[in-house]
Amino acid sequence: MDQTLQHLVNGTVLGGTYALLGIGLTLVFGIMRVVNFTHGELYTFGAYMAYALVALLQLDFILSLVLATVLGIGLGAAIELLLLRPMRRADIDSVMLVMIGAALVLQNAEMWAWGGVAKLIPNPFPGEPLVLGPVSVLPLRLFVLAVAAALLLGFWLLLDRTRFGVAMRATFQDPETAALMGVRIGWVNTATFALGSGLAAAAGALLGPVFIVSPTMGDLVGLKAFAIVILGGLGSLPGATIGGFALGYVEEFAGGFVSTEYRDAFGFLLIILVLALRPQGLVPAKERIG
Amino acid sequence: MLRLEAVSAGYGRIAALKAVSLEVREGELVCLIGANGAGKSTTLRAISGLLAPGAGRITWQGETISGLAPREVLARGIAHCPEGRRIFPHLTVRENLEMGALLRRDRAAVARDLAAMHDRFPRLAERSRQAAGTLSGGEQQMLAIARALMSRPKLVMFDEPSLGLAPSLVDAVFALVAEIRAAGTTVLMVEQNAMAALRLADRAYLLETGQVVTQGTGAALLASPAVRDAYLGGATA
Ligand SMILES: Nc1ncnc2c1ncn2[C@@H]1O[C@H](COP(=O)(O)OP(=O)(O)O)[C@@H](O)[C@H]1O
Ligand SMILES: [Mg+2]
């Protein structure tokens, strides 16, 4: 029982950041029909930016995370404007190839800029865990969860309550008619890709201090983001959120009760299982973004 | 007010419009009729900027608007209510209406117009918070029309507003179009239902394979043997 609660807490922390990653990826697919292979690299980018700002420039920790996210938004906007916009009318295969190429370039750039040795991001939180009854949790992890939850909520409010959010959902449902209403579709695409990239960078900046930072850290995470999105149903925001938490819990419980070595494998096992039973994903199409 | 001069447009290699010229004057209700595939929808798409004309010129209140983005055309006062309703099914009824007013910055006036739409369409008011996709076909058409009006257009273009509706609703839609024109908005309407459309229209154009073949007042076209034989199948009014 003690262990169960502990794993629940750890799974929630992990799941929050997975949900951020999943939402960023599913949004880009849902609105732009682009399979974004750079997503994992944006995660790596966010972590390295946090490292550069905190460890090298010695800026304030929280300010650094905010800046790393903003830089991720900027990099995403640049990728959209330089690579995707010129390919608006290209077929999906060509776009995929370009995105795979972009991911390789980004990963090698990280390797070149930072070297292959893993980096640690110092954080200002106390190193002793908070103990609440049977559960102990590092303050840093609580902080990560709180920020992830705030970002999820903020994102949901943005989509649900603002004019921009309504325009974005309308574009998702019917781009041509949205254009007739005065929506600048090109601009919505850039903003979508930039926001999705920002969420990946934020996840990287948040988890970087929890784990370690290395040029290949985005590989497995990128794969997991795809798994989350497929799990939840392509293009579904609630699905990506649920999928993110589901993956966090499965990894945490399987890692704790079965085998630490194979924790990642259990996550993918879950996906195979869900897809076998519910090929459309957890959340059906009609409940998607719009 | 609106003038098309020898406008040609197409999809890739398909030439859908071949040198179409037509005119809509302020306060008029003009109808575009013609068989399926004649190029009626393409004409509206060229005007609203969804499709850039390959040749020719479109002018609006003296300004050339061909090649402008849909947003720019709408900002100049031309709204396009597309074929097949095209409401946003997963947005609420209210959000759909707000999308119609996306370019307007006068929040207070938008709120007044929304209230007016609710008075005019009580069904939409009742279902304000419901996903638009849950409305019946007739209600969706009313929503599509109301959404187009939310931009306060000077000219509103309807593409087959009666398509797929039950006969009683068809009459309601035509009555609504007449009402909109009577309230001072200029109307350009595409219709398959040529009889009803011509009776309503001040003037009309008959399109055939991308070309204007006949034009005149609604009454003249209704009486024209060419129209009756070729298009209305000789049916009597
Ligand atoms: N998206 C499209 N791609 C290719 N051809 C199209 C497309 N839309 C319409 N067409 C063609 O253009 C011509 C005119 O179509 P349209 O303007 O929709 O006719 P109407 O509205 O009068 O039925 C038709 O031959 C049609 O097949
Ligand atoms: Mg048509």
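Numbered from 1 within each chain, the chains take letters A, B, ... in sequence-line order.
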About how many Å separate OG1 of B:T92 and CZ of A:R169, when rounded to the nearest 0.5 Å? 7.5 Å

For B:P70 versus A:A179, what's the shortest heavy-atom pair and its separation? CB-O, 3.5 Å

Starting at CG of B:L50, measure out to CG of A:L180 and round the result to the nearest 0.5 Å. 4.0 Å

Polar side-chain atom of B:E95 near backbone of A:V166 as donor-acceptor pair, under 3.5 Å: no

Using side-chain heavy atoms (C-beta onward) and a distance below 4.5 Å, is B:R147 in contact with A:M181? yes

Residue-level interface, residues 182-196 of chain A with chain B, non-hydrogen cut-off under 4.5 Å: A:G182, A:V183, A:R184

More than 12 heavy atoms from other groups under 6.0 Å of CD on B:E26: no

For the side chain of A:R163 and the backbone of B:L102, is there at least one donor-acceptor N/O pair under 3.5 Å apart? yes

Tell me, for B:A131 versus chain A, whether the close heavy atoms (under 4.5 Å) come from the side chain, the backbone, both or neither. neither

Report, one line per pair, each donor and acceptor closer than 3.5 Å where one atom sits in a side chain of residues 4-12 of chain B; sequence neighbours left out.
unit_1	atom_1	unit_2	atom_2	d
B:S8	OG	B:A19	N	3.0
B:Y11	OH	B:T42	OG1	3.0
B:Y11	OH	B:R45	NE	3.3

Work out which heavy atom in B:F88 is nearest to a heavy atom in A:D174; give both atom names and the distance. CE2-O, 3.7 Å

Mind checking the CD-NE2 spacing from A:E176 to B:H80? Nearest 0.5 Å is all I need. 8.0 Å

